[in-house]
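Scroll down for the structure; my scribbles are underneath it.
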Amino acid sequence: GNSVTQMEGPVTLSEEAFLTINCTYTATGYPSLFWYVQYPGEGLQLLLKATKADDKGSNKGFEATYRKETTSFHLEKGSVQVSDSAVYFCALSAGAAGNKLTFGGGTRVLVKP
Amino acid sequence: GAVVSQHPSWVICKSGTSVKIECRSLDFQATTMFWYRQFPKQSLMLMATSNEGSKATYEQGVEKDKFLINHASLTLSTLTVTSAHPEDSSFYICSAVGPGRYNEQFFGPGTRLTVL
């Protein structure tokens with residue numbers, strides 16, 4: 001079946017530090033990959049996505065590249081802000097599952113001033 | 001665009017009562033909606049897929065008689081937690097997929113249910 005594994009948090013950083021959150025997946029077929037962000041007290045928001053190998057999704061300074069050879073979709077940001085404090089979820093949608101999303105466990109990020 | 005709302009945002013109820021949660025797509029028609037459950041500091045667990053005009057498809061281990069889902073129109077799906085118990089306390093989140101937005105789900109803000 002499909003599965004997503006992402007690094008456990010919490011990840012605590014200082015402002016302007018570099019952020020990486022690792023995400024690897026197992027899926028049948030050719031999945032689409034997503035990163036969602038959940039700010040405190042809010043619902044999930046799509047941060048970025050990639051639908052095929054070597055695609056790079058980007059938004060708000062965040063980037064992730066779809067690496068089929070390593071089945072990975074690591075999230076990166078070069079300089080984080082306090083406002084980036086949130087929980088980040090890696091997810092995939094694949095094959096026979098149609099639009100169903102399979103989520104990773106989430107990574108809580110705390111950025112300190 | 002692509003806004004999904006949920007109502008109520010939070011609800012407290014007594015054990016044994018039923019609670020209805022609404023999920024609405026405000027500016028698009030959603031042929032498919034999903035219901036998730038999220039425990040504190042954990043990931044989202046898909047409960048069921050709700051298709052307009054047909055019965056919901058439940059994930060393995062989810063009691064369909066306890067979590068009643070109705071997708072009566074292209075903009076509204078409801079989740080009713082019947083005979084709620086404290087272990088049903090959780091954060092319930094819906095999402096909606098519209099025509100032409102393949103693989104993209106838009107999420108509601110969630111409903112926090114507390115059963116006393």
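Only heavy atoms go into these numbers, but all of them, side chains included; no hydrogens, no water, no symmetry mates. Please read these numbers as outputs of a predicted model, since none were measured by experiment. In what follows, chains are A, B, ... by sequence order, proteins preceding strands, each numbered from 1.
For B/Gln38, the part lying under 4.5 angstrom from a heavy atom of chain A is the side chain only. At a 4.5 Å heavy-atom cutoff, the contact between A/Gln38 and chain B is made by side-chain atoms alone. With a 4.5 angstrom heavy-atom cutoff, A/Leu46 touches chain B only via side-chain atoms.
If you chain together hydrophobic residues whose side chains sit under 4.5 Å apart, A/Leu13 and A/Leu75 fall into the same group. One hydrophobic cluster, built from ILVMFWY side chains closer than 4.5 Å, holds both B/Val11 and B/Met47. B/Leu76 and B/Val4 fall into different hydrophobic clusters, where Ile, Leu, Val, Met, Phe, Trp and Tyr side chains are chained together by heavy-atom contacts under 4.5 Å.
With a 6.0 Å radius and a threshold of 12 heavy atoms from other residues, nucleotides or ligands, A/Gln81 has its CD atom above the threshold. Around atom NZ of B/Lys66, more than 12 heavy atoms belonging to other residues, nucleotides or ligands sit under 6.0 Å away. Residue A/Glu16 places its CD atom among 12 or fewer non-hydrogen atoms of other residues, nucleotides or ligands, all under 6.0 Å distant.
Distance NZ/A/Lys100 to OG1/B/Thr49: 5.0 Å, rounded to 0.5 Å. How far CG of A/Leu101 is from CZ of B/Phe107: 5.5 Å, rounded to the nearest 0.5 Å.
What you find for B/Ser43 and A/Phe103 is that their closest heavy atoms are OG-CB, 3.4 Å. Taking all atoms of both residues into account, the shortest heavy-atom contact from B/Gln105 to A/Tyr36 is O-OH, 3.7 Å.
For the pair B/Leu46/A/Thr102, no side-chain contact is recorded, criterion being any heavy-atom separation below 4.5 Å from C-beta on.
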